[in-house]
2 protein chains.
Amino acid sequence: MITNKNCIIRLSRYKNALYRLQALGFVKVFSDNLADSVGSTASQVRKDFSLFGISGNKKGGYQIDILLEKLNSILGKDQLQKVIVIGAGHIGSALMRYRGFEKEGIKILGGFDIDPAKINRNSVVPILPLEEVKAFIKAQGIKIAILAVPDIAAQQAVEMITGAGIKGVLNFAPLRLKDVEGCIINNVNLEIELENLIYFVNVEAKIK
Amino acid sequence: MITNKNCIIRLSRYKNALYRLQALGFVKVFSDNLADSVGSTASQVRKDFSLFGISGNKKGGYQIDILLEKLNSILGKDQLQKVIVIGAGHIGSALMRYRGFEKEGIKILGGFDIDPAKINRNSVVPILPLEEVKAFIKAQGIKIAILAVPDIAAQQAVEMITGAGIKGVLNFAPLRLKDVEGCIINNVNLEIELENLIYFVNVEAKIK
DNA sequence: ATCATATTGTTACTATTTTCACAATAACCA
DNA sequence: TGGTTATTGTGAAAATAGTAACAATATGAT
(Lines give C-alpha, C1' and ligand atoms only; values in the text may rest on other atoms or scores of the structure.)
Protein backbone atom coordinates (compact mmCIF):
# COMPACT_ATOMS: atom_id res chain seq x y z
CA MET A 1 0.00 0.00 0.00
CA ILE A 2 1.18 3.48 -0.87
CA THR A 3 1.61 5.60 2.21
CA ASN A 4 3.30 8.59 0.64
CA LYS A 5 1.00 11.50 1.29
CA ASN A 6 2.62 13.66 -1.34
CA CYS A 7 2.08 10.98 -3.92
CA ILE A 8 -1.66 10.92 -3.19
CA ILE A 9 -1.79 14.70 -3.30
CA ARG A 10 -0.19 14.53 -6.74
CA LEU A 11 -2.88 12.09 -7.87
CA SER A 12 -5.49 14.67 -6.89
CA ARG A 13 -3.64 17.31 -8.83
CA TYR A 14 -3.37 15.07 -11.89
CA LYS A 15 -7.08 14.44 -11.69
CA ASN A 16 -7.88 18.15 -11.51
CA ALA A 17 -5.52 18.91 -14.37
CA LEU A 18 -7.09 16.15 -16.46
CA TYR A 19 -10.54 17.66 -16.05
CA ARG A 20 -9.19 20.98 -17.24
CA LEU A 21 -7.53 19.35 -20.24
CA GLN A 22 -10.70 17.43 -20.99
CA ALA A 23 -12.70 20.64 -20.86
CA LEU A 24 -10.31 22.07 -23.44
CA GLY A 25 -11.14 19.19 -25.72
CA PHE A 26 -8.11 16.96 -25.20
CA VAL A 27 -8.66 13.23 -25.40
CA LYS A 28 -5.19 11.96 -24.60
CA VAL A 29 -2.30 13.27 -22.62
CA PHE A 30 1.42 12.53 -22.27
CA SER A 31 3.31 12.33 -19.04
CA ASP A 32 5.14 15.54 -19.80
CA ASN A 33 1.93 17.51 -20.48
CA LEU A 34 0.56 16.38 -17.18
CA ALA A 35 3.82 17.16 -15.43
CA ASP A 36 3.69 20.70 -16.76
CA SER A 37 0.11 21.17 -15.63
CA VAL A 38 0.85 20.22 -12.06
CA GLY A 39 4.41 21.46 -11.74
CA SER A 40 6.03 18.07 -11.55
CA THR A 41 8.25 15.99 -13.83
CA ALA A 42 7.35 13.42 -16.47
CA SER A 43 9.31 10.75 -14.57
CA GLN A 44 7.39 11.50 -11.44
CA VAL A 45 4.07 11.22 -13.23
CA ARG A 46 4.93 7.87 -14.78
CA LYS A 47 6.36 6.60 -11.51
CA ASP A 48 3.22 7.59 -9.63
CA PHE A 49 1.03 5.84 -12.19
CA SER A 50 3.19 2.77 -12.17
CA LEU A 51 2.82 2.54 -8.38
CA PHE A 52 -0.91 2.18 -8.90
CA GLY A 53 -0.65 -0.11 -11.90
CA ILE A 54 -1.93 2.56 -14.25
CA SER A 55 -0.53 2.12 -17.72
CA GLY A 56 -0.69 4.09 -20.91
CA ASN A 57 0.28 3.37 -24.48
CA LYS A 58 3.77 3.40 -25.85
CA LYS A 59 3.93 6.39 -28.13
CA GLY A 60 0.25 7.04 -27.50
CA GLY A 61 0.25 8.51 -24.01
CA TYR A 62 -2.72 8.08 -21.71
CA GLN A 63 -6.37 8.29 -22.64
CA ILE A 64 -7.85 10.97 -20.41
CA ASP A 65 -11.22 9.39 -19.74
CA ILE A 66 -9.73 6.04 -18.73
CA LEU A 67 -7.10 7.75 -16.63
CA LEU A 68 -9.73 9.82 -14.84
CA GLU A 69 -11.75 6.73 -14.11
CA LYS A 70 -8.78 5.04 -12.52
CA LEU A 71 -7.71 8.08 -10.52
CA ASN A 72 -11.26 8.68 -9.34
CA SER A 73 -11.51 5.12 -8.21
CA ILE A 74 -8.23 5.31 -6.28
CA LEU A 75 -9.28 8.58 -4.67
CA GLY A 76 -12.67 7.21 -3.67
CA LYS A 77 -14.50 9.59 -5.95
CA ASP A 78 -16.72 6.96 -7.49
CA GLN A 79 -19.16 7.52 -4.68
CA LEU A 80 -20.57 10.58 -2.93
CA GLN A 81 -18.56 11.36 0.18
CA LYS A 82 -20.70 12.40 3.10
CA VAL A 83 -19.10 14.76 5.58
CA ILE A 84 -20.11 16.66 8.69
CA VAL A 85 -18.66 19.81 10.20
CA ILE A 86 -18.20 20.13 13.94
CA GLY A 87 -18.22 23.76 15.06
CA ALA A 88 -20.24 26.52 13.39
CA GLY A 89 -17.91 29.42 14.12
CA HIS A 90 -16.29 31.52 11.42
CA ILE A 91 -14.25 28.75 9.84
CA GLY A 92 -16.87 26.03 10.23
CA SER A 93 -19.61 28.19 8.74
CA ALA A 94 -17.43 29.22 5.83
CA LEU A 95 -16.68 25.58 5.07
CA MET A 96 -20.37 24.71 5.19
CA ARG A 97 -21.15 27.44 2.69
CA TYR A 98 -18.12 26.75 0.51
CA ARG A 99 -19.24 25.57 -2.93
CA GLY A 100 -15.96 23.96 -3.90
CA PHE A 101 -16.66 20.64 -2.19
CA GLU A 102 -19.83 19.88 -4.09
CA LYS A 103 -18.21 19.65 -7.49
CA GLU A 104 -15.70 17.24 -5.98
CA GLY A 105 -18.47 14.89 -4.91
CA ILE A 106 -18.10 15.87 -1.29
CA LYS A 107 -21.38 16.70 0.41
CA ILE A 108 -21.62 18.36 3.78
CA LEU A 109 -24.73 16.89 5.36
CA GLY A 110 -24.78 18.90 8.54
CA GLY A 111 -23.03 21.15 10.97
CA PHE A 112 -23.00 20.76 14.74
CA ASP A 113 -22.48 23.29 17.49
CA ILE A 114 -22.79 23.45 21.23
CA ASP A 115 -24.22 26.98 21.14
CA PRO A 116 -28.05 26.94 20.93
CA ALA A 117 -27.99 30.31 19.14
CA LYS A 118 -26.23 28.71 16.18
CA ILE A 119 -28.80 25.96 15.65
CA ASN A 120 -30.76 26.24 12.42
CA ARG A 121 -32.48 23.14 11.13
CA ASN A 122 -33.72 24.87 7.99
CA SER A 123 -30.53 26.23 6.44
CA VAL A 124 -29.11 24.63 3.30
CA VAL A 125 -26.70 22.73 5.52
CA PRO A 126 -28.67 22.28 8.74
CA ILE A 127 -26.88 23.22 11.93
CA LEU A 128 -27.82 20.90 14.73
CA PRO A 129 -27.06 20.63 18.45
CA LEU A 130 -23.87 18.75 19.23
CA GLU A 131 -25.85 16.25 21.31
CA GLU A 132 -27.33 14.90 18.12
CA VAL A 133 -24.04 14.26 16.37
CA LYS A 134 -23.57 10.66 17.44
CA ALA A 135 -27.01 9.60 16.32
CA PHE A 136 -26.55 11.51 13.07
CA ILE A 137 -23.21 9.86 12.28
CA LYS A 138 -24.68 6.43 12.89
CA ALA A 139 -27.91 7.04 11.01
CA GLN A 140 -26.13 8.44 7.96
CA GLY A 141 -23.10 6.16 8.09
CA ILE A 142 -20.68 9.07 8.03
CA LYS A 143 -16.95 8.37 8.13
CA ILE A 144 -15.40 11.82 7.62
CA ALA A 145 -15.66 14.92 9.78
CA ILE A 146 -14.24 18.41 9.57
CA LEU A 147 -13.36 19.77 12.98
CA ALA A 148 -13.53 23.53 13.37
CA VAL A 149 -13.96 24.06 17.10
CA PRO A 150 -11.81 26.08 19.53
CA ASP A 151 -8.65 24.29 20.62
CA ILE A 152 -9.89 23.49 24.12
CA ALA A 153 -12.92 21.67 22.72
CA ALA A 154 -11.06 19.72 20.05
CA GLN A 155 -9.83 16.62 21.85
CA GLN A 156 -13.18 15.94 23.47
CA ALA A 157 -14.99 16.45 20.18
CA VAL A 158 -12.71 13.98 18.41
CA GLU A 159 -13.31 11.36 21.05
CA MET A 160 -17.06 11.84 20.79
CA ILE A 161 -17.23 11.47 17.03
CA THR A 162 -14.74 8.64 16.67
CA GLY A 163 -16.78 6.78 19.23
CA ALA A 164 -19.75 7.12 16.92
CA GLY A 165 -17.95 5.85 13.82
CA ILE A 166 -15.88 8.66 12.31
CA LYS A 167 -12.72 7.28 10.69
CA GLY A 168 -11.11 10.45 9.37
CA VAL A 169 -10.91 13.99 10.71
CA LEU A 170 -9.74 17.12 8.97
CA ASN A 171 -8.75 19.22 11.93
CA PHE A 172 -8.70 23.01 11.77
CA ALA A 173 -8.30 23.49 15.51
CA PRO A 174 -4.83 24.93 16.13
CA LEU A 175 -3.74 22.02 18.28
CA ARG A 176 -2.18 18.66 17.71
CA LEU A 177 -4.76 16.03 18.51
CA LYS A 178 -3.75 12.81 20.16
CA ASP A 179 -4.25 9.93 17.77
CA VAL A 180 -7.42 8.02 18.36
CA GLU A 181 -7.41 4.30 17.61
CA GLY A 182 -8.91 3.65 14.21
CA CYS A 183 -9.16 7.28 13.15
CA ILE A 184 -6.85 9.27 10.89
CA ILE A 185 -6.39 12.93 11.68
CA ASN A 186 -5.11 15.40 9.09
CA ASN A 187 -4.25 18.76 10.53
CA VAL A 188 -4.68 22.05 8.70
CA ASN A 189 -3.15 24.68 10.90
CA LEU A 190 -3.65 28.09 9.37
CA GLU A 191 -1.32 29.89 11.76
CA ILE A 192 1.44 27.41 11.06
CA GLU A 193 0.90 27.70 7.30
CA LEU A 194 1.34 31.44 7.57
CA GLU A 195 4.36 31.16 9.85
CA ASN A 196 5.91 28.81 7.35
CA LEU A 197 5.35 31.25 4.53
CA ILE A 198 6.76 34.08 6.61
CA TYR A 199 9.87 32.03 7.37
CA PHE A 200 10.58 31.34 3.72
CA VAL A 201 9.89 34.90 2.69
CA ASN A 202 12.37 36.08 5.31
CA VAL A 203 14.95 33.54 4.18
CA GLU A 204 14.60 34.77 0.61
CA ALA A 205 14.95 38.35 1.76
CA LYS A 206 18.18 37.49 3.63
CA ILE A 207 19.73 35.72 0.65
CA LYS A 208 19.36 38.78 -1.54
CA MET B 1 19.89 27.69 4.78
CA ILE B 2 17.30 25.15 5.80
CA THR B 3 14.77 24.59 3.05
CA ASN B 4 12.94 21.64 4.52
CA LYS B 5 9.35 22.74 4.91
CA ASN B 6 8.48 19.98 7.34
CA CYS B 7 11.33 20.97 9.57
CA ILE B 8 10.02 24.54 9.78
CA ILE B 9 6.53 23.27 10.48
CA ARG B 10 7.96 21.24 13.34
CA LEU B 11 9.61 24.36 14.72
CA SER B 12 6.18 26.02 14.82
CA ARG B 13 4.79 23.01 16.61
CA TYR B 14 7.61 23.03 19.13
CA LYS B 15 6.97 26.70 19.76
CA ASN B 16 3.26 26.11 20.34
CA ALA B 17 3.95 23.17 22.61
CA LEU B 18 6.47 25.21 24.59
CA TYR B 19 3.90 27.91 25.28
CA ARG B 20 1.52 25.27 26.58
CA LEU B 21 4.22 23.78 28.79
CA GLN B 22 5.17 27.23 30.02
CA ALA B 23 1.53 27.94 30.87
CA LEU B 24 1.57 24.77 32.96
CA GLY B 25 4.49 26.16 34.93
CA PHE B 26 7.37 24.28 33.34
CA VAL B 27 10.67 26.10 33.09
CA LYS B 28 12.75 23.51 31.27
CA VAL B 29 12.02 20.74 28.86
CA PHE B 30 13.80 17.66 27.51
CA SER B 31 13.85 16.57 23.91
CA ASP B 32 11.64 13.60 24.66
CA ASN B 33 8.97 15.73 26.41
CA LEU B 34 8.82 17.99 23.42
CA ALA B 35 8.73 15.04 21.05
CA ASP B 36 5.74 13.66 22.92
CA SER B 37 3.92 16.97 22.77
CA VAL B 38 4.24 17.28 19.02
CA GLY B 39 4.14 13.62 18.04
CA SER B 40 7.74 13.40 16.94
CA THR B 41 10.86 11.71 18.27
CA ALA B 42 13.53 12.96 20.63
CA SER B 43 16.19 12.51 17.94
CA GLN B 44 14.21 14.55 15.50
CA VAL B 45 13.81 17.35 18.01
CA ARG B 46 17.52 17.48 18.77
CA LYS B 47 18.43 17.24 15.11
CA ASP B 48 16.09 20.09 14.23
CA PHE B 49 17.56 22.24 16.96
CA SER B 50 21.08 21.37 15.94
CA LEU B 51 20.34 22.49 12.38
CA PHE B 52 19.59 25.94 13.74
CA GLY B 53 22.45 25.97 16.21
CA ILE B 54 20.12 25.76 19.17
CA SER B 55 21.77 24.00 22.07
CA GLY B 56 20.61 22.86 25.45
CA ASN B 57 22.37 21.60 28.54
CA LYS B 58 23.75 18.15 28.99
CA LYS B 59 21.54 16.49 31.55
CA GLY B 60 19.64 19.76 31.98
CA GLY B 61 17.52 19.86 28.84
CA TYR B 62 16.46 23.15 27.33
CA GLN B 63 15.33 26.26 29.16
CA ILE B 64 11.90 27.05 27.78
CA ASP B 65 12.15 30.81 27.74
CA ILE B 66 15.46 30.84 25.91
CA LEU B 67 14.23 28.20 23.48
CA LEU B 68 11.10 30.20 22.74
CA GLU B 69 13.14 33.30 22.09
CA LYS B 70 15.28 31.47 19.57
CA LEU B 71 12.36 29.75 17.84
CA ASN B 72 10.42 33.00 17.69
CA SER B 73 13.37 34.72 16.14
CA ILE B 74 13.79 31.99 13.51
CA LEU B 75 10.09 32.06 12.70
CA GLY B 76 10.02 35.84 12.37
CA LYS B 77 7.76 36.27 15.36
CA ASP B 78 9.79 39.02 16.97
CA GLN B 79 7.85 41.51 14.89
CA LEU B 80 4.21 41.99 14.01
CA GLN B 81 3.41 40.41 10.65
CA LYS B 82 1.09 42.48 8.53
CA VAL B 83 -1.15 40.55 6.15
CA ILE B 84 -3.94 41.31 3.71
CA VAL B 85 -6.71 39.08 2.42
CA ILE B 86 -7.73 39.17 -1.23
CA GLY B 87 -11.32 38.04 -1.70
CA ALA B 88 -14.12 38.60 0.81
CA GLY B 89 -16.20 35.52 0.03
CA HIS B 90 -16.95 32.82 2.56
CA ILE B 91 -13.39 31.72 3.14
CA GLY B 92 -11.85 35.18 2.96
CA SER B 93 -14.37 36.65 5.38
CA ALA B 94 -13.92 33.79 7.81
CA LEU B 95 -10.17 34.30 7.79
CA MET B 96 -10.60 38.03 8.41
CA ARG B 97 -12.78 37.33 11.43
CA TYR B 98 -10.66 34.45 12.69
CA ARG B 99 -9.13 35.34 16.04
CA GLY B 100 -6.36 32.77 15.93
CA PHE B 101 -3.94 34.89 13.95
CA GLU B 102 -3.82 37.74 16.39
CA LYS B 103 -2.30 35.78 19.23
CA GLU B 104 0.37 34.61 16.80
CA GLY B 105 1.39 38.17 16.07
CA ILE B 106 -0.25 38.10 12.67
CA LYS B 107 -2.45 41.08 11.95
CA ILE B 108 -4.84 41.26 9.04
CA LEU B 109 -4.88 44.90 8.03
CA GLY B 110 -7.47 44.75 5.32
CA GLY B 111 -9.55 42.72 2.92
CA PHE B 112 -10.05 43.47 -0.76
CA ASP B 113 -12.83 42.53 -3.11
CA ILE B 114 -13.96 43.35 -6.61
CA ASP B 115 -17.64 43.35 -5.61
CA PRO B 116 -18.80 46.84 -4.50
CA ALA B 117 -21.45 45.25 -2.27
CA LYS B 118 -18.72 43.74 -0.10
CA ILE B 119 -16.90 47.00 0.58
CA ASN B 120 -17.03 48.17 4.18
CA ARG B 121 -14.47 50.68 5.33
CA ASN B 122 -15.73 50.65 8.90
CA SER B 123 -15.57 47.00 9.86
CA VAL B 124 -12.91 45.75 12.26
CA VAL B 125 -10.90 44.61 9.27
CA PRO B 126 -11.87 47.12 6.56
CA ILE B 127 -12.91 45.65 3.25
CA LEU B 128 -11.73 47.83 0.41
CA PRO B 129 -12.11 47.82 -3.37
CA LEU B 130 -9.54 45.73 -5.17
CA GLU B 131 -8.36 48.80 -7.11
CA GLU B 132 -6.86 50.13 -3.89
CA VAL B 133 -4.81 47.06 -3.10
CA LYS B 134 -1.60 48.12 -4.82
CA ALA B 135 -1.48 51.46 -3.09
CA PHE B 136 -2.33 49.81 0.22
CA ILE B 137 0.45 47.22 -0.09
CA LYS B 138 2.98 49.92 -0.87
CA ALA B 139 1.80 52.35 1.79
CA GLN B 140 1.79 49.70 4.53
CA GLY B 141 4.85 47.79 3.32
CA ILE B 142 2.98 44.50 3.25
CA LYS B 143 4.81 41.36 2.18
CA ILE B 144 2.28 38.59 2.84
CA ALA B 145 -1.16 38.05 1.32
CA ILE B 146 -3.85 35.44 1.75
CA LEU B 147 -5.59 34.69 -1.52
CA ALA B 148 -9.20 33.54 -1.26
CA VAL B 149 -10.70 34.33 -4.63
CA PRO B 150 -12.41 32.04 -7.14
CA ASP B 151 -10.00 29.96 -9.23
CA ILE B 152 -10.48 31.97 -12.40
CA ALA B 153 -9.47 35.19 -10.65
CA ALA B 154 -6.44 33.75 -8.84
CA GLN B 155 -3.62 34.04 -11.36
CA GLN B 156 -4.45 37.64 -12.23
CA ALA B 157 -4.75 38.58 -8.56
CA VAL B 158 -1.34 37.09 -7.80
CA GLU B 159 0.26 39.05 -10.60
CA MET B 160 -1.35 42.24 -9.40
CA ILE B 161 -0.19 41.94 -5.81
CA THR B 162 3.30 40.61 -6.49
CA GLY B 163 3.75 43.60 -8.78
CA ALA B 164 3.00 45.80 -5.79
CA GLY B 165 5.47 44.13 -3.45
CA ILE B 166 3.93 40.96 -2.05
CA LYS B 167 6.60 38.29 -1.44
CA GLY B 168 4.52 35.44 -0.07
CA VAL B 169 1.02 34.20 -0.83
CA LEU B 170 -1.07 31.69 1.06
CA ASN B 171 -3.36 30.50 -1.69
CA PHE B 172 -6.79 29.03 -0.92
CA ALA B 173 -7.97 29.10 -4.54
CA PRO B 174 -8.32 25.49 -5.71
CA LEU B 175 -5.82 25.91 -8.49
CA ARG B 176 -2.08 25.57 -8.88
CA LEU B 177 -0.67 29.03 -9.44
CA LYS B 178 2.26 29.53 -11.75
CA ASP B 179 5.25 30.70 -9.80
CA VAL B 180 5.85 34.38 -9.94
CA GLU B 181 9.43 35.63 -9.80
CA GLY B 182 10.33 36.73 -6.32
CA CYS B 183 7.18 35.45 -4.66
CA ILE B 184 6.62 32.23 -2.72
CA ILE B 185 3.23 30.60 -3.00
CA ASN B 186 1.98 28.10 -0.43
CA ASN B 187 -1.15 26.30 -1.49
CA VAL B 188 -3.88 25.19 0.89
CA ASN B 189 -6.32 23.17 -1.17
CA LEU B 190 -9.24 22.13 1.00
CA GLU B 191 -10.71 19.71 -1.55
CA ILE B 192 -7.39 17.97 -1.93
CA GLU B 193 -6.92 17.77 1.84
CA LEU B 194 -10.27 16.04 2.12
CA GLU B 195 -9.56 13.73 -0.80
CA ASN B 196 -6.33 12.78 0.82
CA LEU B 197 -8.05 11.96 4.07
CA ILE B 198 -10.69 9.94 2.24
CA TYR B 199 -7.99 7.95 0.44
CA PHE B 200 -6.23 6.99 3.64
CA VAL B 201 -9.48 6.18 5.42
CA ASN B 202 -10.39 3.87 2.54
CA VAL B 203 -6.96 2.24 2.61
CA GLU B 204 -7.33 1.57 6.32
CA ALA B 205 -10.77 0.12 5.74
CA LYS B 206 -9.38 -2.25 3.10
CA ILE B 207 -6.55 -3.46 5.31
CA LYS B 208 -8.96 -4.56 8.02
C1' DA C 1 7.45 -4.17 -44.99
C1' DT C 2 10.98 -1.72 -42.94
C1' DC C 3 12.70 2.10 -40.57
C1' DA C 4 12.72 6.07 -37.69
C1' DT C 5 10.58 8.17 -33.86
C1' DA C 6 8.09 9.16 -29.72
C1' DT C 7 6.72 7.69 -25.45
C1' DT C 8 6.07 4.43 -21.85
C1' DG C 9 7.56 1.53 -17.84
C1' DT C 10 11.03 0.25 -14.97
C1' DT C 11 15.44 -0.13 -12.98
C1' DA C 12 19.33 2.04 -11.21
C1' DC C 13 21.01 6.14 -9.18
C1' DT C 14 20.92 10.29 -6.32
C1' DA C 15 19.20 13.17 -2.88
C1' DT C 16 16.78 14.00 1.16
C1' DT C 17 14.89 12.91 5.50
C1' DT C 18 14.60 10.25 9.52
C1' DT C 19 16.32 7.18 12.89
C1' DC C 20 19.89 5.11 15.48
C1' DA C 21 23.73 4.86 18.42
C1' DC C 22 26.97 6.47 21.29
C1' DA C 23 30.71 9.59 22.90
C1' DA C 24 30.80 13.75 25.54
C1' DT C 25 29.61 15.90 29.59
C1' DA C 26 26.97 18.39 33.17
C1' DA C 27 24.45 17.40 37.32
C1' DC C 28 23.77 14.97 41.25
C1' DC C 29 24.93 11.88 45.07
C1' DA C 30 27.63 9.62 48.53
C1' DT D 1 36.09 14.35 45.27
C1' DG D 2 34.97 10.46 42.48
C1' DG D 3 31.53 7.75 40.55
C1' DT D 4 27.01 7.25 38.47
C1' DT D 5 23.42 8.79 35.62
C1' DA D 6 20.70 11.39 32.44
C1' DT D 7 20.68 13.94 28.50
C1' DT D 8 22.62 16.34 24.72
C1' DG D 9 24.85 16.72 20.05
C1' DT D 10 26.29 14.58 16.04
C1' DG D 11 28.07 11.38 12.65
C1' DA D 12 26.78 7.17 10.56
C1' DA D 13 23.12 4.12 8.90
C1' DA D 14 18.65 3.29 7.16
C1' DA D 15 14.58 4.51 4.98
C1' DT D 16 12.10 7.15 1.85
C1' DA D 17 11.41 10.01 -2.09
C1' DG D 18 12.60 11.81 -6.42
C1' DT D 19 15.35 11.88 -10.86
C1' DA D 20 17.57 10.04 -14.74
C1' DA D 21 18.43 6.80 -18.14
C1' DC D 22 17.26 3.62 -21.29
C1' DA D 23 15.27 -0.74 -23.19
C1' DA D 24 10.88 -2.00 -25.00
C1' DT D 25 7.50 -1.06 -28.19
C1' DA D 26 3.61 1.01 -30.62
C1' DT D 27 2.84 4.30 -34.20
C1' DG D 28 3.26 6.40 -38.44
C1' DA D 29 6.04 7.42 -42.60
C1' DT D 30 8.20 5.92 -46.81
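Chain A is the first sequence line, chain B the second, and so forth, proteins listed ahead of strands; every chain is numbered from 1. Just so you know, these numbers use all the heavy atoms, side chains as well, and skip hydrogens, waters and symmetry mates.
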> Side-chain donor-acceptor pair under 3.5 Å between Tyr14(A) and Asp48(A), yes or no?
Replying inline: yes

By side chain to side chain donor-acceptor pair (under 3.5 Å), Tyr98(B) pairs with (sequence neighbours left out) Glu191(A)

Go through the N and O atoms of the side chain of Lys59(B) and the base of dA27(C), and report whether any donor-acceptor pair is under 3.5 Å. yes

Arg46(B) atom CZ is separated from dA23(C) atom P, nearest whole Å, by 15 Å

5'-most contact on DNA chain C (nearest-nucleotide basis), Lys47(A) vs Lys58(A), goes to Lys58(A)

Just to be sure I understand the rule, does Ser43(A) reach a base, reach only the sugar-phosphate, or reach nothing, if contact means heavy atoms closer than 4.0 Å? base

(Q) Using a 4.0 Å heavy-atom cut-off, does Tyr62(A) contact any base of the nucleic acid, only the sugar-phosphate backbone, or nothing at all? (A) sugar-phosphate

The correct set of residues in residues 2-17 of chain B placing a heavy atom under 4.0 Å from DNA chain D is none

The complete set of side chain to side chain donor-acceptor pair (under 3.5 Å) pairs with one or both residues in residues 76-87 of chain B, sequence neighbours excluded, reads Glu195(A)-Lys77(B)

Keeping the roles fixed (side chain from Asn4(A), backbone from Asn6(A)), state whether a donor-acceptor pair exists under 3.5 Å. yes

Those residues at least two apart in sequence (or on a different chain) that pass side chain to side chain contact (heavy atoms under 4.5 Å, CB included) with Tyr19(B) are Lys15(B), Gln22(B), Leu68(B), Asn72(B)

With sequence neighbours left out, the residues meeting salt bridge (charged side-chain N to carboxylate O under 4.0 Å, His left out) with Glu159(B) are none

Quick note, side chain to side chain donor-acceptor pair (under 3.5 Å) partners involving residues 138-152 of chain B, not counting sequence neighbours, are none

For Glu69(B), the salt bridge (charged side-chain N to carboxylate O under 4.0 Å, His left out) test, sequence neighbours excluded, returns none

In the 5' to 3' direction, the nucleotides of DNA chain D bounding the stretch that comes under 4.0 Å of a heavy atom in chain A are dA17(D) to dT27(D)

Query raised in the report: Taking the side chain from Ser93(A) and the backbone from Ala88(A), do they hold a donor-acceptor pair closer than 3.5 Å?
Result: yes

**Prompt:** Can you tell me if Asn171(A) uses its side chain to pair, donor with acceptor, with the backbone of Asn186(A) under 3.5 Å?
**Reply:** no

Contacts of Lys58(A) meeting side chain to side chain contact (heavy atoms under 4.5 Å, CB included) (sequence neighbours excluded), chain-then-number -> none

Sorted by chain and residue number, the salt bridge (charged side-chain N to carboxylate O under 4.0 Å, His left out) partners of Arg176(B) (sequence neighbours excluded) come out as none

Please answer whether the main-chain N or O of Asp36(A) pairs with a side-chain N or O of Ser40(A) as donor and acceptor at a distance below 3.5 Å. no

Gln44(B) CD to dA21(C) C1', in whole Å, measures 16 Å

Residues of residues 18-32 of chain A with a heavy atom under 4.0 Å from any atom of DNA chain D, listed by number, are none

- Give a yes/no answer on whether the side chain of Ser50(A) brings an N or O atom under 4.0 Å of OP1 or OP2 in dG9(C). no

Contact check, residues 65-73 of chain B vs DNA chain C, heavy-atom distance under 4.0 Å, returns none

